[in-house]
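Below you'll find the structure, written out as structure tokens, and then a few comments.
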Amino acid sequence: MIQMAVMGLGTVGTGVARIVAENSAQIQRKLGDTLRLKTVLVRHFREGPWRNLMTDDFTQLETDPEIQVAVECIGGVDAAYEYTKRCLMAGKHVVTANKQLVAERGCELLKLAEEKGVHYLFEASVGGGIPILHPLTECMAANRIDEVYGILNGTTNYILTRMVRTGAFFTDALREAQARGYAEADPTADVKGIDAGRKICILADLAFGRQVNPAAVPMEGITRLSLRDVKIANRAGYRIKLLGRAVRLPGDDRTAYVAPHLIAETLPIASVEDVFNAVVVRGNATGEVMFYGRGAGELPTASACVADVMECLTARPKGLLWAEDASGFRDPLELETRWYFRIEGSLTDAAAAFGQVEVFSEDGETAFLTDAVTGLDAMARAAGLNVLASMRVLS
């Protein structure tokens, strides 16, 4: 019998416990042994099916030689980092969905796991139930990864979908998302792009093999997005999506950011709606490959965690997946792309600043797309205009 522990019994921790219990036959068939949840670390005891497994004493878990794997479902950095590090030091595998911890301290924890001959796995940290990290690092290992981008946050995608479908204002769509349980009472990390930013950092780390510090990555959310721009884009054959994007640059430099984008409705990622996520990986051999599914939720995320638990028990420990070197990170405004602007002024003003433009004007509004320019150039040219809104165009 293989014994495991769960640290934290919130949404994901509960899902892990459920899957281990409900899918025990399938898990046993694949592992060749029974997987049993022995200990659940909690801050507060409560009644329920796992009450007899609960403890608030971490050392009980840490020093138990029968526990081979711990699933960290605490969230945040402080306690999660301390407990993860101590589990690895004790020779236990650790699995997590904690995107903040992986983005900020993952390199250090991977190195420690390698030294101790154990796994530190985090498939669930980026796409919930979408398998993306394993395909990125193993199935596409023969490729040079040149770009990774995607819809990485289901809450914001749901809000944008409601704005397109029903014409809801941002605040109304957010309230609906909260009422349905898709958004937290404090949605800051979602709507300001922080959640997507942590995920794109992890994807960039793995794709390019070097540390991308979250503090260096510009993260723009959807709080300033106007329903007017959503309608203009929709009528012109575009959809607005919040994308996290990481790009390899010449000289093996790289950049990453999170921001709203206009996406032509003919592109597959434009049709990803509601709480669904999608990640596109562009390799120099495969071209673009898209991964799609539910990016969050109790069972999808827990499914990825339990799969990682099973990998810990059946595969050799992985080596260090990316280097600590954070140099070579450049301002994403150096990238060339088309830009969308809505201005208070005339098309003559737009042409004077940008030359030839693609016009979206309607109902007295002046909106247009530029040719491909760097973000720095776009901002400089627009400095003399009365800009009401601007965003990148995915091309």
Side-chain angles (χ1 to χ4, degrees), residues 99 102-104 106-107 110 126-127 132-133 135-153 193-194 196-221 241-264 267 269 278-291 320-340 354 369-382 390-395:
K99 64 193 76 70
V102 177
E104 295 182 12
C107 188
L110 280 167
V126 171
I132 175 60
L133 302 188
L136 177 64
T137 57
E138 297 193 21
C139 303
M140 297 184 70
N143 283 255
R144 182 192 69 236
I145 305 301
D146 292 323
E147 182 173 355
V148 184
Y149 67 89
I151 298 167
L152 303 175
N153 183 271
I194 299 169
R198 292 166 178 159
K199 294 173 181 176
I200 199 61
C201 287
I202 297 169
L203 289 168
D205 293 335
L206 294 170
F208 307 140
R210 292 158 66 192
Q211 177 72 27
V212 171
N213 291 326
V217 176
M219 301 176 189
E220 178 187 348
K241 300 290 185 182
L242 183 70
L243 297 183
R245 189 177 178 214
V247 182
R248 185 187 297 273
L249 301 174
D252 210 29
D253 288 348
R254 64 242 186 271
T255 192
Y257 66 94
V258 177
H261 289 66
L262 264 70
I263 303 175
L267 295 178
I269 199 168
V279 182
V280 177
V281 181
R282 180 161 56 86
N284 68 331
T286 59
E288 289 196 345
V289 180
M290 189 171 89
F291 302 84
L320 185 62
L321 294 183
W322 68 84
E324 294 179 79
D325 179 16
S327 64
F329 186 87
R330 287 162 53 181
D331 186 343
L333 289 177
E334 294 182 28
L335 290 173
E336 278 198 359
T337 187
R338 301 184 76 190
W339 281 78
Y340 164 88
F354 287 96
L369 298 187
T370 73
D371 287 337
V373 294
T374 67
L376 295 170
D377 191 17
M379 296 303 106
R381 294 191 190 193
S390 66
M391 68 188 84
R392 297 167 174 87
V393 182
L394 181 69
S395 55

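Across A378 and V373, no two heavy atoms sit closer than the pair CB-CG2, 3.8 Å. The two residues S395 and T337 come nearest to each other via the heavy atoms OG-OG1, 3.9 Å. For A326 against N213, the heavy-atom pair with the smallest separation is CB-ND2, 3.5 Å.
Taking 4.5 Å as the limit, some side-chain heavy atom of P214 sits within range of a side-chain heavy atom of M219. Contact of the M379 side chain with the W339 side chain is registered, since non-hydrogen atoms from C-beta on lie closer than 4.5 Å. Residues W322 and L110 meet the side-chain proximity criterion, which asks for heavy atoms closer than 4.5 Å. Between P260 and K241 the shortest side-chain heavy-atom distance does not fall below 4.5 Å. Side-chain atoms of Y149 and V247, non-hydrogen and from C-beta on, never get closer than 4.5 Å to each other. Inter-residue side-chain proximity for M290 and V279 is flagged as unmet; no heavy-atom pair is nearer than 4.5 Å. Using a 4.5 Å heavy-atom cutoff, the side chains of K99 and I202 are in contact. Residues L262 and L394 fail the side-chain proximity criterion, which asks for heavy atoms closer than 4.5 Å.
Judged by distance alone, the side chain of K199 and the main-chain N or O of L152 form a donor-acceptor pair under 3.5 Å. Using a distance-only test at 3.5 Å, with no hydrogens or angles considered, a donor-acceptor pair links the side chain of N143 to the main chain of T286. Judged by distance alone, the side chain of S390 and the main-chain N or O of Y340 form no donor-acceptor pair under 3.5 Å. Using modelled atom types, one side-chain atom of R210 and one backbone atom of S327 make a donor-acceptor pair closer than 3.5 Å. Between the side chain of R282 and the main chain of G287, no donor-acceptor pair closer than 3.5 Å is present. With D205 contributing its side chain and V212 its backbone, the two residues share a donor-acceptor pair below 3.5 Å. Using modelled atom types, one side-chain atom of T255 and one backbone atom of R330 make a donor-acceptor pair closer than 3.5 Å.
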Exercise for review: Verify side chain to side chain contact (heavy atoms under 4.5 Å, CB included) between I145 and V281, making sure each step is shown before the conclusion.
Suggested key: CA-CA 7 Å; I145 305 301; V281 181; 3.8 Å; yes

**Study point:** Y257 and R245: CA distance, side-chain angles, deciding distance, side chain to side chain contact (heavy atoms under 4.5 Å, CB included) verdict
**Key:** CA-CA 6 Å; Y257 66 94; R245 189 177 178 214; 3.1 Å; yes

Exercise for review: Run the numbers on V280 and V148 for side chain to side chain contact (heavy atoms under 4.5 Å, CB included), then give the verdict.
Suggested key: CA-CA 6 Å; V280 177; V148 184; over 6 Å; no

Exercise for review: List the steps, then state whether side chain to side chain contact (heavy atoms under 4.5 Å, CB included) holds for T374 with L333.
Suggested key: CA-CA 6 Å; T374 67; L333 289 177; over 6 Å; no

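Distance check, rounded to the nearest 0.5 Å: SG of C107 to CD of E324 gives 4.5 Å. In this structure, CD on E138 lies 11.0 Å from CG on L206, to the nearest 0.5 angstrom. Distance CD/E220 to CZ/R392: 7.0 Å, rounded to 0.5 Å. To the nearest 0.5 angstrom, D146 atom CG is 10.5 Å from E288 atom CD. Interatomic distance, I200 CD1 to N153 CG, rounded to the nearest 0.5 Å: 12.5 Å. How far SG of C139 is from CG of L133: 11.5 Å, rounded to the nearest 0.5 Å.
With sequence neighbours left out, the side chain to side chain donor-acceptor pair (under 3.5 Å) criterion links D252 to R248.
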